[in-house]
K.L.:
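Input: one structure, supplied below.
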Amino acid sequence: MSSPKNAPSPKKVRRGPRPAVPGLPTREQILDFIQTSSEPAGKREIARAFGLKGQEKIALKRLLSDMADEGLIDGKKTAFHRMGGVPKVTVLRVVEIDDGEALAIPDSWAPDDGAPPPRLRLIEKKRGPGRQAAVKMGDRVLARTEDTQTGWIAYPMKVLASADESVMGVVEIDGSGKGWLASVDKRIRHSSPIADLGGAEGGQLVLAEPAGRSPRAGVKVVQVLGDPLAPKAFSLIAIAKYGIPFHFANETLEEAKLAAKLPLSEERREDLRHIPIVAIDPADARDHDDAIWAEPDGKGGFNAIVAIADVSFYVRPGGKLDREARKRGNSVYFPDRVVPMLPEILSADVCSLKEGQDRAAMACHLSIDASGNVKEWRFTRAIVRIAKNIAYENAQAAIDDGSADDVLKNLWTCWHALADARHKRDPLELELPERRVVLDEKGRIAEIAIRERLDAHRVVEDFMIAANVAAAKALESKAHPVVYRIHEPPSREKLVALRDYLQTFEKKLSLGQVITPSLFNRMLKDVADESEKALIMEAVLRSQTQAYYGPRNAGHFGLALGSYAHFTSPIRRYADLLVHRALVDGFGLEQPKPKDDLPATSGLSDRDRADLERVSEAISSAERRAMEAERETIDRYVAAWLSGRVGEVFDTRITGVQKFGFFATIIALGGDGLVPVSTLGNDYYHYDDSAQALVGERTRTIYAMGDRLKLRLAEANPLTGALKFELPEGGSAPIEPRGSKMEPRKKGKHVVGKRGRPGNIRHQGKKR
């Protein structure tokens, strides 16, 4: 029988998901049947169990063949078995390149038992011994896999689209049955056609990649992530989107267990167990890096100790733990979970400074004079026994109501001296609100509020800063390598933008003077109106450069410090671990050789020294990744919290203005939303860049940065974290110009520039 005239050639038919056949069981149903069947489950048994006949049996045969190719079953015809390994052909992600050899893990791994993914050794063709791997860290490759006696290996077939080209979104099925991908990235405002659903269903969260070079080719689903609105799903979206390492390999966990068993010897450790050192942390903290103590020295000053978890004793350079920590760079904190830098047996147990437990610590001893200046310091390895783990709120309450013991009172007294020294140094003071998401026991949102800033936070912060400065200067005195925490002064380009913005407040910023943090602080002190001060704080923050890690010192502008390093959080930051190792070398703090199956040294390795610049860049990048993931997750929680309040009117403040509309934030809650210019009525709005304002051509209505007004919440999308506002019913809203009392803004009395464009904008009786 000849083929239809217009039938495509079989060679050109793209293999994709099989068309659905009525009555045919799903993959999950087949796997469940194989798993629970009391007799050998072959094709005949499966067909009988599901009552399949005729064409359904033919479709079943094709489906079982697909499942065997995917590695879900073993492919035998007489009796299938569910496989728990890696599919024969799958997508892998390169996670390590060591001595030219590339190791990868399955890009999609979600076993029922929570087992960590296997690590596969990539065998690349045309690469002889000693030659570098062709693939790079982070590459995604389609590979054929094999389970050998020496472990899993993989043969790369082709390199796939990078993570930057991947798109995460929710599958939407239209009336014709065609799939569309609605991205979870709020910057992407259009849906993409799905060329290959890859087994995904409508409403599921998926990871997709371009199906071809042309945008018209659409996308293909490469991973199904599940229900996007399930409890704790928002952090999983961020973890998947940013490729944050989530599971620890078995060999890493085994090394962590070995490290946790290292004996805590008193040899070459200072015994500080008699000193009532306390750890002050958030109430829900699981890892406790730092603890502090202080007492008067009898000369008007203080002796103080900042005790930090001795992570370098347990995490040795070159080991599997070290490589994993270096790759992660830092712990990532979400409202519903922590993705730790180190396995929990170390981060939440052995290394964590817990009340009443003997712990290994790196102790920074400080001598502080009456003016709060640190005069001397020394570093030792010690054994500490924490007297108390105290929540910030409880410590503050004890100080406020007079019930605090001498330990807390001495800390506060010493802190007042450190605070005096800080005020003289005059670092940048930007008290910007921080949102806090509170979840109930089921992972649902219980509350979203602004985090309260207490003196207890400042106490710990100032002790940590003193220890960080001491660590940097101590290593400089020994001419040892330092991973500095660097914050450079604002660039001229950002200062020019800030100057232009400040002119709209009738404030001047001279670019001919030396720019210092105290310059910004004085400017803020002169602003009486709190809403206006908040706007200028945000503008000053936007003008700042991003802090980073590096081996060459450039100072810390924000803290007004010449030398600064991170020393106080080695459980959650790799940079601090490197500083600890340098201190071990510089001050002869090496401990007796540990077990033979762990690296001997706890100081810097030769590789650390040689790669310090590259490692600093990597951990700086990991930090930025974590910050973006954390911020986006908070935005999603806020949008989810507000999704039940669509239609309500909120007090908002305009935080950004563009040609296409303005952005507003709900006061006292946060959550940025767009008000499109197309929703502002029939007037035509001109955009004034220097004034950061939209001006109505006919009505002369002005919407400018900092203005307060009431807006109705029109949309709240938990998947993207995006909000959309609109004017209340009636098409207008009273506008409170920044720095003024709440009054409707009057029309007219503007100076208009050439060609009818607004120039120097003035409100009634007030120049802007």
K.L.:
Where do Leu713 and Phe725 land on the side-chain contact (heavy atoms from CB on, under 4.5 Å) test, with the steps shown first?
P.N.:
CA-CA 5 Å; Leu713 180 62; Phe725 294 109; 3.7 Å; yes
K.L.:
Side-chain contact, heavy-atom cut-off 4.5 Å: Val221 with Asp196?
P.N.:
no
K.L.:
For a salt bridge (Lys or Arg N to Asp or Glu O under 4.0 Å) check, start with the C-alpha distance between Glu254 and Lys320, then their side-chain angles and the critical distance, and finish with the verdict.
P.N.:
CA-CA 9 Å; Glu254 289 302 317; Lys320 298 177 180 63; over 6 Å; no
K.L.:
Of all the heavy-atom pairs spanning Leu723 and Ala716, show the shortest one and how long it is.
P.N.:
CD2-CB, 3.7 Å
K.L.:
Does Ala154 offer a backbone N or O that forms a donor-acceptor pair with the side chain of Thr145 under 3.5 Å?
P.N.:
no
K.L.:
Assess Arg326 against Tyr574: is NZ or CZ under 6.0 Å from the centre of the six-membered ring, and within 45 degrees of the ring's axis?
P.N.:
no
K.L.:
Is there a side-chain contact between Pro106 and Leu120, using heavy atoms and a 4.5 Å cut-off?
P.N.:
yes
K.L.:
Answer yes or no: does atom NZ of Lys178 have more than 12 heavy-atom neighbours from other residues, nucleotides or ligands under 6.0 Å?
P.N.:
yes
K.L.:
Are side-chain heavy atoms of Glu146 and Ile123 found at a separation under 4.5 Å?
P.N.:
no
K.L.:
What residues form a side-chain contact (heavy atoms from CB on, under 4.5 Å) with Arg631, not counting sequence neighbours?
P.N.:
Glu628, Asp635
K.L.:
Between Glu56 and Lys53, is there a side-chain N and carboxylate O pair less than 4.0 Å apart?
P.N.:
no
K.L.:
Looking at side-chain heavy atoms only, is the closest gap between Val206 and Ile194 below 4.5 Å?
P.N.:
no
K.L.:
Does any part of the side chain of Trp180, heavy atoms only, come nearer than 4.5 Å to the side chain of Pro193, both counted from C-beta?
P.N.:
yes
K.L.:
Under 3.5 Å, side chain of Arg328 to main-chain N/O of Leu342, donor-acceptor pair present?
P.N.:
no
K.L.:
Considering residues at least two apart in sequence or located in another chain, which fulfil the side-chain contact (heavy atoms from CB on, under 4.5 Å) criterion with Leu229?
P.N.:
Asp227, Phe234, Pro718, Leu719
K.L.:
Measuring only between side-chain heavy atoms, which start at C-beta, is Leu52 closer than 4.5 Å to Pro25?
P.N.:
yes
K.L.:
Any side-chain heavy-atom pair from Val222 and Val91 closer than 4.5 angstrom?
P.N.:
no
K.L.:
Output the distance between atom OG1 (Thr252) and atom CG (Asp322), rounded to the nearest 0.5 Å.
P.N.:
10.5 Å
K.L.:
Could you check if a side-chain atom of Ile634 sits within less than 4.5 angstrom of a side-chain atom of Pro335, using non-hydrogen atoms only?
P.N.:
yes
K.L.:
Using the test salt bridge (Lys or Arg N to Asp or Glu O under 4.0 Å), find all partners of Glu632 that sit at least two apart in sequence or belong to another chain.
P.N.:
Lys241, Arg636
K.L.:
Between Arg286 and Glu344, is there a side-chain N and carboxylate O pair less than 4.0 Å apart?
P.N.:
yes
